Amino acid sequence: MVLEERYSPQKVELKWQKYWADKQLNKTGFNPSQKKFYCLEMFPYPSGEIHMGHVRNYAIGDVVARYKRMRGYNVLHPMGWDAFGLPAENAAIKHGVHPSEWTYKNIEYMKKQLNRMGLSYDWEREITTCSPEYYKWNQWFFLRMFEKGLAYRKHSYVNWCPSCATVLANEQVIDEKCWRCDSTVTQKKLEQWFFRITHYAEELLRECDELRGWPERVVLMQKNWIGKGEGVEVDFPIEGMDEQLKIFTTRPDTLFGVTFMCIAPEHPMAEKMVKDTNKLEAVKAQYGKEDEKIGLFTGSYTINPLNGDRVPVYVANFVLMEYGTGAIMSVPAHDQRDFEFAKKYDLPIKIVIVPEDRIQDTRYRIQDKKNHASCIMNHESFAPDITEAYEDEGIIVNSGKFSGVKSDSAKKEIIQFIEEKRLGRGTINYKLRDWGISRQRYWGTPIPILYCDKCGIVPVPEKDLPVILPEDVRLTGKGVSPLLESEAFLNTKCPKCSGRARRETDTMDTFVDSSWYFVRYCFKKGDINLDSELLSPQSECKYWMPVDQYIGGVEHAVLHLLYSRFFTRVMRDLGLISTGEPFQNLLTQGMVIKDGAKMSKSKGNVVDPHYLIEKYGADTSRLFSLFAAPPERDLEWSDKGVEGAYRFLHRLWGIVYKNREALSVMRNDIRGFDASRITDHASLLLRKTHQTIKKVTTDIEREYHFNTAIAGLMELVNEITSFEPESDEDWKTFKFAIERVLILLSPFSPHIAEELWEAIGNEPSIFEQQWPKWDEEIAREEEIELVIQINGKLRSKIMISQGTPDDEIEKMALEQQKIKEIVGAKTIKKVIVVKGKLVNIVIGE
RNA sequence: GCCGGAGUGGCGGAAUUGGUAGACGCAAGGGACUUAAAAUCCCUCGUCCCUAAAGGGCGUACCGGUUCGAGUCCGGUCUCCGGCACCA
């Protein structure tokens with residue numbers, strides 16, 4: 001209880017961290033009658049040390065959790081470890097330490113660091129994804145999805161790093177290079193396990209509109225990622241063959257402008273049409289290369305079913321097999337890619353859309369009389385002089401009975417025509433692809449599948465879960481997947497026929513782990529039966545889900561967040577949970593920047609949180625990172641700014657120290673005090689205190705604008721500093737102001753708030769206090785500053801009392817000496833009075 | 001290229017619904033205390049003109065518009081950042 005003169009954060013912080021842990025203040029209660037709040041921050045990868053991004057992320061989350069607790073919510077605020085992943089394998093290769101050992105050691109250290117920050121986690125719900133008791137359920141979900149056809153195996157092209165000998169996820173490919181070893185990534189065809197996320201494409205897209213608590217840009221990124229395209233599939237008969245070429249287009253209004261066709265190198269028809277396999281292989285090798293469009297004439301022609309045009313078919317490296325039908329119609333006049341291709345291979349260009357304002361230009365109109373087919377055959381272009389494709393809307397020309405129609409209505413008419421004539425049908429395509437989850441790595445969840453010579457693909461029976469990741473493997477970083485070399489793991493018996501079977505050696509993408517961890521937090525840690533826990537009618541999950549506030553970096557805007565939305569829907573459809581949307585509100589915090597760039601070791605601009613906390617303490621570190629910018633914006637790090645935050649806490653400490661005796665002796669009977677006996681200067685402080693309670697509360701509620709909330713607290717502390725109590729009522733007001741400051745500060749800088757709270761004679765813990773309320777009456781200013789403008793320019797200010805009627809305000813303004821001088825003999829045209837704010841006098845020349 | 005977001009003092013940022021631009025903090029300058037320094041405290045601090053004090057002009061990337069009044073709304077331009085990128 002004896003307050004030291006000098007604020008030493010180390011002492012204070014360790015003291016209270018121990019106290020909170022002993023008292024189990026952060027333990028989650030389960031009380032279905034109490035309103036709940038699930039506050040979650042994205043869990044870290046245990047790389048070894050926390051960085052400033054973590055400090056910021058977790059400081060924000062901790063403020064939310066502590067604030068909501070004080071607002072009377074039952075708060076779930078858990079933490080865990082995204083513990084599978086390649087860095088552990090790299091460490092193993094480099095230092096010869098087992099990934100498991102490396103990971104658990106990192107977790108131990110990082111947990112200490114998080115605790116040193118004073119974060120209010122309930123560690124009884126800690127998750128470690130690399131523990132069998134966790135990843136067992138990855139496997140369990142996999143089996144359920146396999147049963148439902150949501151997990152399947154297929155051949156596809158994947159990003160392949162030849163040096164690391166593994167598949168890479170899209171986000172691990174940076175400018176066509178491997179993020180780890182910088183070698184050029186190639187496309188490789190591999191058989192892989194996929195989750196059928198596309199099954200939920202429409203729902204995931206549609207329900208984006210329900211994500212009202214998400215930042216708009218993140219929702220938009222998800223929408224774009226899913227990429228719905230509405231169009232039409234059309235069958236083009238192939239000349240001399242009994243087959244049709246099915247194409248997809250979103251531009252049926254350009255169907256009459258088709259002058260050639262392109263198919264993907266992997267398209268089944270390519271091999272049938274192209275005789276020279278060497279040439280076809282050459283195009284295949286260039287598949288997906290963006291620098292150059294390469295084509296190969298197949299020798300075949302198709303007939304445009306709308307106008308009978310005979311058009312050549314090309315194999316082209318830029319046509320994607322994965323989207324649409326793998327075949328496109330090419331309209332060089334109205335698609336820039338087709339235009340470039342046409343120019344390169346000297347193919348005809350036919351205009352079918354003219355901008356509305358150029359419809360009188362005769363060059364575009366006359367073609368209908370000509371024989372299209374012969375024009376194309378003779379390479380006589382309809383539009384020899386254009387330099388680029390016209391991709392916008394306009395009037396349809398050269399398109400038979402559709403000529404003269406505006407392109408947007410032509411789209412509908414042509415689709416209708418196609419469907420009536422049974423030439424094709426309206427379709428929807430999505431850019432979203434199924435999620436490839438196979439990784440040729442060791443440190444991940446084994447995929448619970450067996451390959452039996454007789455029975456084929458056999459799922460591991462549920463009772464045999466988990467399929468344990470073997471410990472005794474050799475990690476070299478070269479050659480094949482490490483699990484392939486573990487004989488004991490690889491060879492097993494088929495559960496169906498008891499014959500010889502081989503295990504799947506690929507492991508799961510670590511994004512699987514993080515796609516449902518928020519559900520696992522709803523229960524205590526340890527080896528639980530998640531299945532029956534979830535299905536129990538009293539399931540804690542029903543109470544806690546969905547997450548009320550999720551906080552993390554914007555770099556997961558699509559991947560992790562989209563996967564989680566998908567997984568949650570799968571769990572819902574399996575009857576395990578009732579909500580489909582996992583995160584009610586999402587806050588994406590900005591990056592921590594220094595010297596204009598993201599902190600990174602290679603740039604040498606890293607601030608080490610360990611050093612920071614050693615020097616200034618957790619309270620200062622937290623306070624600065626919350627004060628320097630609003631959470632969603634990038635935060636420019638400033639060592640001097642940290643000093644400023646430190647000074648502020650020192651100053652507060654100093655005030656309390658100076659008055660410690662008087663403050664602690666005084667009884668806390670503030671509620672009963674007589675406001676009529678209060679002195680003028682004390683009533684100003686009292687008002688400011690109520691105004692600050694209001695400001696801090698509304699700033700937190702207003703999208704967590706902690707920076708302005710803290711600024712408000714600084715203002716109040718400035719006033720307290722210059723306040724000198726004399727009478728009893730003064731002292732009471734003074735103590736009241738300090739107490740409010742401490743409670744309002746406590747979510748931001750918890751330790752110092754707790755220490756000073758105790759020092760002025762209160763029982764800990766300050767976190768058992770209710771969040772203060774303000775009195776609107778007391779907070780209201782009696783007098784307001786009225787701004788007087790003339791023609792919108794500020795000319796004078798006067799003090800008036802609150803609630804002065806408009807006509808009186810007007811009169812007072814016009815009577816001002818200065819205003820009279822300016823107005824002089826000029827006519828007053830109009831006077832505008834804005835209540836409580838200003839008067840604008842409009843005068844003539 | 002397409003889709004977003006943002007441009008405010010020397011700096012980080014305030015200004016919540018169209019109503020006093022620059023809260024709060026940092027830096028800088030001046031002063032007090034000190035043998036001295038650090039720490040602390042006090043004052044100044046967008047810019048230009050002018051003044052003895054006062055005043056006044058300009059100012060939220062740039063150009064224009066709406067309005068009694070625009071950082072805020074509308075149209076156009078420029079710059080920076082982010083996402084997607086041969087998706088037919």
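Below, chain A is the first sequence line, B the second, and so on; all start at residue 1. Fair warning: this is a prediction, and the values are worked out from it, not measured in the lab.
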Using the [atom1] atoms only, state how far [M] lies from [N], rounded to an integer number of Å.
| N | M | atom1 | answer |
| --- | --- | --- | --- |
| G12(B) | C84(B) | P | 27 Å |
| G64(B) | A70(B) | P | 14 Å |
| U47(B) | C68(B) | P | 34 Å |
| G75(B) | C3(B) | P | 15 Å |
| A27(B) | A39(B) | P | 10 Å |
| A15(B) | G22(B) | C1' | 8 Å |
| A23(B) | G18(B) | P | 23 Å |
| G7(B) | C74(B) | P | 14 Å |

How many Å lie between [atom1] on [X] and [atom2] on [N], as a whole number?
| X | N | atom1 | atom2 | answer |
| --- | --- | --- | --- | --- |
| Y646(A) | C26(B) | OH | C1' | 18 Å |
| E785(A) | U20(B) | CD | C1' | 7 Å |
| L320(A) | A85(B) | CG | C1' | 11 Å |
| Q222(A) | G83(B) | CD | P | 15 Å |
| F648(A) | G25(B) | CZ | P | 9 Å |
| K797(A) | G19(B) | NZ | C1' | 13 Å |
| I788(A) | G69(B) | CD1 | P | 19 Å |
| I226(A) | C84(B) | CD1 | C1' | 14 Å |

Could you go over nucleotides 4-14 of chain B and give all protein N or O partners under 3.5 Å, atom names and distances?
| residue | atom | partner | partner atom | Å |
| --- | --- | --- | --- | --- |
| G12(B) | O2' | A628(A) | O | 2.8 |
| G13(B) | O3' | N707(A) | ND2 | 3.4 |
| A14(B) | OP1 | N707(A) | ND2 | 3.1 |
| A14(B) | OP2 | R633(A) | NH2 | 2.8 |

For the side chain of [X], starting at C-beta, report the closest nucleotide among [options].
| X | options | result |
| --- | --- | --- |
| I328(A) | C24(B), A88(B), G19(B) | A88(B) |
| M714(A) | C68(B), A88(B), C24(B) | C24(B) |
| L794(A) | A27(B), A88(B), U20(B) | U20(B) |

Closer than 4.0 angstrom, basic N to acidic O: yes or no for [X] and [Y]?
| X | Y | answer |
| --- | --- | --- |
| D209(A) | K223(A) | yes |
| R251(A) | E391(A) | no |
| K344(A) | E292(A) | yes |
| R702(A) | D699(A) | yes |

Does [N] have OP1 or OP2 under 4.0 Å away from a side-chain N or O of [X]?
| X | N | value |
| --- | --- | --- |
| N718(A) | A23(B) | no |
| K793(A) | C58(B) | yes |
| R647(A) | A38(B) | no |
| K830(A) | C68(B) | yes |

Considering every strand and a 4.0 Å limit on heavy-atom distances, what is the contact class for [X]: base, sugar-phosphate, or nothing?
| X | answer |
| --- | --- |
| V319(A) | base |
| K431(A) | base |
| R433(A) | base |
| V842(A) | sugar-phosphate |

Just jot down the side chain to side chain contact (heavy atoms under 4.5 Å, CB included) partners of M599(A), sequence neighbours excluded, or say none.
M52(A), V592(A), K594(A), N605(A), V607(A), W637(A)
Is it true that the NZ or CZ of R651(A) lies under 6.0 Å from the centre of F648(A)'s six-membered ring and within 45 degrees of the ring axis?
no
Paired with [N] by Watson-Crick or G-U wobble geometry, both distances under 3.5 Å: which nucleotide is it?
| N | result |
| --- | --- |
| C78(B) | G7(B) |
| G1(B) | C84(B) |
| C41(B) | G31(B) |
| G55(B) | C49(B) |
| C73(B) | G65(B) |

Donor-acceptor pair, distance only, cut-off 3.5 Å: does the side chain of [X] make one with the backbone of [Y]?
| X | Y | answer |
| --- | --- | --- |
| D253(A) | D408(A) | no |
| H334(A) | Y390(A) | yes |
| D235(A) | Q244(A) | no |
| W774(A) | T689(A) | no |
| Q802(A) | E781(A) | yes |

Quick check, are the ring centers of F318(A) and F341(A) under 6.0 angstrom apart?
yes
Assign G22(B) to syn or anti; the rule is syn for a glycosidic angle within 90° of 0 and anti otherwise.
anti
U20(B) base / Q789(A) side chain donor-acceptor hit below 3.5 Å:
no
Distances for protein N/O vs nucleotides 50-55 of chain B N/O pairs under 3.5 angstrom?
none

By nearest heavy atom, map T250(A) and L838(A) onto RNA chain B; which one lands nearer the 5' end?
L838(A)
Earlier contact from the 5' end, RNA chain B, for E340(A) and G644(A)
G644(A)
How are the rings of F511(A) and H560(A) set to each other: parallel, tilted or perpendicular (split at 30° and 60°)?
parallel
